[in-house]
Amino acid sequence: IKLMKENALLLLTSCVVVGLFLSCSQAARQGQDIKCGACRALVDEMEWAISQIDPKKTIQRGSFRINPDGSQSIREVPLARSEGNLLELMESVCERMEDYGERTDLSTDRTSYIRVKSRTGEAMDLSEATLDSRVTSSLKFACETIVEHHEDEIIEFFAHETENVKDKLCSKRTDLCDHALNMAHDEL
């Protein structure tokens, strides 16, 4: 009987340890999913905001000093991708995380985030989305943390890059998405 009690205690302890491990790994994966989702949503929102600015608008950049030859080192750059404009866009980008909902892929058990509010007011298919204020709060907090820690990288990418910014910024540069390279490009 004593041996049976010891074996039962050992089995119970093993189950608890395995359960804690699985719970911790699931929590870590969910934390990674929300950081990745926030980064990918941030990129979508920044790209959309940039696209709303008239591409013909430019600002002058450079020095207003006169060079010895009488010329000035001023050049015109597109307003949409200027550092000042990008900083301004980043100030409010995380507010738009409230427009996102959660979706779980049943085949991979990974969570992604999809826009649940249309920018144009048209109806959207929300059948796969879960709307939860805790999720949007977590997404917003993750977005704010990303902006705070990766501001320079975000500005660098949006000032110069136009192709595959999600993968380049969220996966390769910041490592926020270890699995994003396997995701479809329109997925968050």
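This structure is a prediction, so every number in the text was calculated from the model and none was measured.
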Which distance, rounded to the nearest 0.5 Å, do you find between the [atom1] of [X] and the [atom2] of [Y]?
X      : Y      : atom1 : atom2 : value
Lys57  : Asn85  : NZ    : CG    : 10.0 Å
Cys94  : Lys140 : SG    : NZ    : 8.0 Å
Thr136 : Glu98  : OG1   : CD    : 6.0 Å
Thr145 : His150 : OG1   : NE2   : 9.5 Å
Leu87  : Ile155 : CG    : CD1   : 3.5 Å
Leu131 : Leu126 : CG    : CG    : 6.0 Å

### Query
Taking it one step at a time, do Tyr100 and Asp44 satisfy side-chain contact (heavy atoms from CB on, under 4.5 Å)?
CA-CA 11 Å; Tyr100 286 79; Asp44 273 352; 4.1 Å; yes
### Query
SG to SG, are Cys143 and Cys39 under 2.5 angstrom apart?
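No disulfide here.
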### Message
For the pair Cys170/Cys36, is the SG to SG distance below 2.5 Å?
### Response
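Unbridged: Cys36 and Cys170.
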### Task
Check the pair Arg110 / Asp33 against salt bridge (Lys or Arg N to Asp or Glu O under 4.0 Å), numbers first and verdict last.
CA-CA 7 Å; Arg110 297 302 298 237; Asp33 285 348; 2.7 Å; yes
[X] and [Y] ion-paired at < 4.0 Å:
X      : Y      : value
Glu47  : Lys166 : no
Arg134 : Asp132 : yes
Asp99  : Arg115 : yes

Using a 4.5 Å cut-off on heavy atoms from C-beta on, say whether the side chain of [Y] contacts that of [X].
X      : Y      : value
Leu139 : Tyr113 : yes
Lys168 : Arg173 : no
Ser171 : Leu176 : no
Glu102 : Val135 : yes
Asp152 : Phe157 : no
Phe141 : Ile34  : no
Val43  : Val165 : yes
Leu86  : Ile154 : no

### Query
Between Met90, Glu95, Arg119, Arg40, which is the residue that forms a side chain to side chain contact (heavy atoms under 4.5 Å, CB included) with Glu45?
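The residue from Met90, Glu95, Arg119, Arg40 that satisfies side chain to side chain contact (heavy atoms under 4.5 Å, CB included) with Glu45 turns out to be Arg119.
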Any sub-3.5 Å donor-acceptor pair from [X]'s side-chain atoms to [Y]'s backbone N or O?
X      : Y      : answer
Thr104 : Leu106 : no
Arg81  : Phe158 : yes
Thr58  : Pro78  : no

### Whether over 12 other heavy atoms sit under 6.0 Å from Glu76 CD
yes
### Task
Determine whether more than 12 heavy atoms belonging to other residues, nucleotides or ligands lie under 6.0 Å from atom CD of Glu153.
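More than 12 within 6.0 Å, yes.
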### Full working for side-chain contact (heavy atoms from CB on, under 4.5 Å) between Arg96 and Val93
CA-CA 6 Å; Arg96 293 192 290 278; Val93 71; 3.8 Å; yes
What is the minimum heavy-atom distance between [X] and [Y], and which atoms define it?
X      : Y      : answer
Ser82  : Ile59  : CB-CD1, 3.5 Å
Met97  : Leu42  : CE-N, 3.9 Å
Val116 : Gly101 : CG1-N, 3.5 Å
Gln32  : Cys177 : NE2-C, 4.4 Å

### Query
Do Leu79 and Val77 belong to the same hydrophobic cluster, where Ile, Leu, Val, Met, Phe, Trp and Tyr are linked whenever their side-chain heavy atoms lie under 4.5 Å apart, directly or via other members?
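Result: yes, single cluster for both.
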